[in-house]
Amino acid sequence: MTVDSSAARKPRRSAAGKAGTTGTKTGRAGTASGATGTKRTTRAAAKQSAEPQLVQLLTPEGKRVKNAEYDAYVAGLTPEDLRGLYRDMVLTRRFDAEATALQRQGELGLWASLLGQEAAQIGSGRALRDDDYVFPTYREHGVAWCRGVDPTNLLGMFRGVNNGGWDPNSNNFHLYTIVIGSQTLHATGYAMGITKDGADSAVIAYFGDGASSQGDVAESFTFSAVYNAPVVFFCQNNQWAISEPTEKQSRVPLYQRAQGFGFPGVRVDGNDVLACLAVTKWALERARDGEGPTLVEAYTYRMGAHTTSDDPSRYRGDEERQSWEAKDPILRLRRYLEASNHADEGFFAELDAESETLGKRVREAVRAMPDPDHFAIFENVYADGHALVDEERAQFAAYQASFADAAEGGR
């Protein structure tokens with residue numbers, strides 16, 4: 001039992017024979033322990049060096065943070081520009097809230113809210129030039145706003161009365177893409193094409209953290225890197241791919257994946273509109289200058305459900321949302337505007353009135369849309385028709401008729 005006592009070990013190490021052997025073993029153990037400690041120290045240092053570097057220009061409290069690398073990209077912003085960014089975020093959130101309410105009222109079949117992601121979308125959207133081209137997913141309502149797409153045009157597809165709602169070439173803003181991750185390949189191909197045309201414009205592809213696990217995204221990374229395509233991959237990491245958290249999708253921060261494909265990746269505070277603007281401008285300039293693709297990971301949070309068919313309370317707690325509410329992108333910029341005397345109460349009151357006017361216009365526009373044709377899904381599947389489609393149409397017709405029969409039977 002005295003083996004654990006350092007006092008008992010000392011005389012044994014100083015004795016001859018067996019005591020010397022014991023001392024040697026102790027020395028070896030000490031050496032091994034030292035090596036283990038060194039390994040642990042090395043691993044800790046490596047882990048620390050691999051910690052995500054977050055680009056932030058505006059703290060959650062609304063304080064401006066200096067950044068030698070990215071300050072130049074927002075140095076020219078005037079107070080009017082800052083108020084414009086704030087207005088963009090407020091009106092985008094108001095439109096999004098109205099669309100969510102319309103879905104709950106049965107006016108839309110589905111809606112994917114951007115609540116909490118306004119800074120990532122407005123910041124990156126305002127970094128674009130008119131000749132740049134955007135490939136969105138189905139949640140980029142803020143980017144659509146920046147590209148001049150009327151908000152009411154976004155709603156036809158979610159009501160089921162059209163397949164898009166706008167001409168992509170009018171605003172260089174592609175139609176919403178429902179298939180997860182496929183738009184990154186479209187963006188890469190388009191970027192390769194404009195390079196062959198000799199244009200100096202850039203392309204940006206939006207996708208979420210869940211889409212980063214798709215093969216299409218990996219393939220687009222490969223092609224864009226090999227062909228030096230002028231494309232920015234803008235990943236909005238809102239922490240949840242429906243009900244799957246980011247840590248179950250990747251063992252490394254998402255922006256670090258770019259290293260394996262041979263181009264840079266940057267993690268930016270996705271709730272900081274100034275940082276998103278600056279980093280995206282930098283990435284777009286790299287693309288235009290022939291330096292190839294960049295991966296931007298906007299570290300943000302989806303405050304609401306994945307879509308209106310989702311119930312986030314089943315997979316995440318209220319305390320998580322509350323911690324992110326303290327980082328609200330709109331409140332953050334408002335604090336900065338107020339502290340810098342760049343906006344007064346008159347500005348905020350006028351914007352509140354404008355947002356209510358927008359909500360009313362969106363509501364009236366949706367209610368003026370026709371009801372969706374329930375059988376349109378069966379049209380244009382095959383040019384000459386198909387027996388199986390005819391059979392499915394008949395089954396669906398019988399299913400729809402059963403509701404009318406049930407209603408008549410209950411009278």
Side-chain angles (χ1 to χ4, degrees), residues 53-98 114-130 141-148 151 236 266-285 296 298-301 303 321-361:
Q53 301 296 313
L54 187 73
V55 178
Q56 184 182 83
L57 302 183
L58 203 60
T59 70
E61 295 75 28
K63 295 181 180 179
R64 184 71 166 84
V65 179
K66 296 297 182 181
N67 186 296
E69 188 172 359
Y70 294 104
D71 276 346
Y73 294 94
V74 293
L77 292 179
T78 65
E80 183 179 1
D81 293 331
L82 294 170
R83 289 193 295 271
L85 292 171
Y86 182 82
R87 174 180 177 271
D88 288 338
M89 290 195 291
V90 168
L91 294 182
T92 298
R93 179 173 290 188
R94 181 65 183 87
F95 160 68
D96 180 70
E98 191 63 38
L114 60 59
L115 182 62
Q117 299 178 220
E118 294 87 357
Q121 295 194 16
I122 298 302
S124 61
R126 288 303 180 196
L128 294 161
R129 290 191 333 205
D130 290 343
H141 320 314
V143 185
W145 172 270
C146 293
R147 300 305 280 176
Q236 293 175 84
V266 180
R267 174 179 277 190
V268 61
D269 186 339
N271 286 17
D272 177 356
V273 69
L274 298 186
C276 290
L277 176 64
V279 169
T280 309
K281 277 188 174 183
W282 166 78
L284 290 168
E285 286 189 9
V296 177
Y299 199 74
T300 182
Y301 191 73
M303 298 295 292
R321 177 188 168 112
Q322 291 167 2
S323 69
W324 278 92
E325 284 178 345
K327 307 171 187 177
D328 183 87
I330 295 180
L331 180 59
R332 182 182 307 203
L333 183 55
R334 176 164 182 156
R335 287 169 173 165
Y336 178 68
L337 290 172
E338 291 175 333
S340 305
N341 295 319
H342 290 331
D344 56 20
E345 287 303 319
F347 166 76
F348 296 118
E350 184 178 341
L351 183 56
D352 287 343
E354 184 181 3
S355 66
E356 289 307 310
T357 299
L358 174 63
K360 180 180 179 182
R361 180 168 74 86

State which residues pass side-chain contact (heavy atoms from CB on, under 4.5 Å) with [X]; sequence neighbours excluded, sorted by chain then number.
{"X": "T280", "result": "S124, A127, I204, F234, L284"}
{"X": "D71", "result": "L57, R64, K66, N67"}
{"X": "A283", "result": "V232, T294, V296"}

>> Apply side chain to side chain contact (heavy atoms under 4.5 Å, CB included) to residues D96 and L115 and explain how you reach the verdict.
In response: CA-CA 7 Å; D96 180 70; L115 182 62; 4.1 Å; yes

>> Does T78 form a side chain to side chain donor-acceptor pair (under 3.5 Å) with D81? I'd like the steps, not just the answer.
In response: CA-CA 5 Å; T78 65; D81 293 331; 3.1 Å; yes

> Listed by chain and number, what are the side-chain hydrogen bond (donor to acceptor under 3.5 Å, both in side chains) partners of R147, not counting sequence neighbours?
Replying inline: none

Hey, what do you get for [atom1] ([X]) to [atom2] ([Y]), rounding to the nearest 0.5 Å?
{"X": "E350", "Y": "E345", "atom1": "CD", "atom2": "CD", "value": "13.0 Å"}
{"X": "I330", "Y": "R87", "atom1": "CD1", "atom2": "CZ", "value": "13.0 Å"}
{"X": "F348", "Y": "L337", "atom1": "CZ", "atom2": "CG", "value": "5.5 Å"}
{"X": "E356", "Y": "E98", "atom1": "CD", "atom2": "CD", "value": "8.0 Å"}
{"X": "T59", "Y": "N271", "atom1": "OG1", "atom2": "CG", "value": "12.0 Å"}
{"X": "R83", "Y": "D344", "atom1": "CZ", "atom2": "CG", "value": "8.0 Å"}

>> Evaluate R321 against M303 for side chain to side chain contact (heavy atoms under 4.5 Å, CB included), listing each step before the verdict.
In response: CA-CA 6 Å; R321 177 188 168 112; M303 298 295 292; 3.6 Å; yes

Does the side chain of [Y] come within less than 4.5 Å of [X]'s, by heavy atoms?
{"X": "Y86", "Y": "F347", "answer": "yes"}
{"X": "Y73", "Y": "L277", "answer": "no"}
{"X": "Y70", "Y": "V266", "answer": "yes"}
{"X": "Q121", "Y": "Q236", "answer": "yes"}

> Between K63 and L58, is a side chain to side chain contact (heavy atoms under 4.5 Å, CB included) present by the stated rule, with each step listed?
Replying inline: CA-CA 5 Å; K63 295 181 180 179; L58 203 60; over 6 Å; no

> Are V55 and D272 close enough, and set up right, to give a side chain to side chain contact (heavy atoms under 4.5 Å, CB included), and what steps lead you there?
Replying inline: CA-CA 9 Å; V55 178; D272 177 356; over 6 Å; no

Check [X] against [Y] and note the closest heavy-atom contact, atom names and distance.
{"X": "G270", "Y": "C276", "answer": "CA-SG, 3.7 Å"}
{"X": "P329", "Y": "G116", "answer": "CG-O, 3.9 Å"}
{"X": "G142", "Y": "I122", "answer": "O-CD1, 3.6 Å"}
{"X": "R361", "Y": "P151", "answer": "NH2-CD, 4.0 Å"}
{"X": "V273", "Y": "A119", "answer": "N-CB, 3.6 Å"}
{"X": "Q56", "Y": "P60", "answer": "NE2-CD, 4.1 Å"}

> Using 30° and 60° as the class limits, which term best fits the ring planes of Y301 and W324: parallel, tilted or perpendicular?
Replying inline: parallel

>> Tell me if a side-chain donor or acceptor on S355 pairs with a main-chain N or O of V90 at a distance below 3.5 Å.
In response: no

>> For residues 329-338, which residue pairs pass the side chain to side chain donor-acceptor pair (under 3.5 Å) check, not counting sequence neighbours?
In response: D269-R332, R334-E338

> Going by the salt bridge (Lys or Arg N to Asp or Glu O under 4.0 Å) test, which pairs reach into residues 114-123, not counting sequence neighbours?
Replying inline: R93-E118

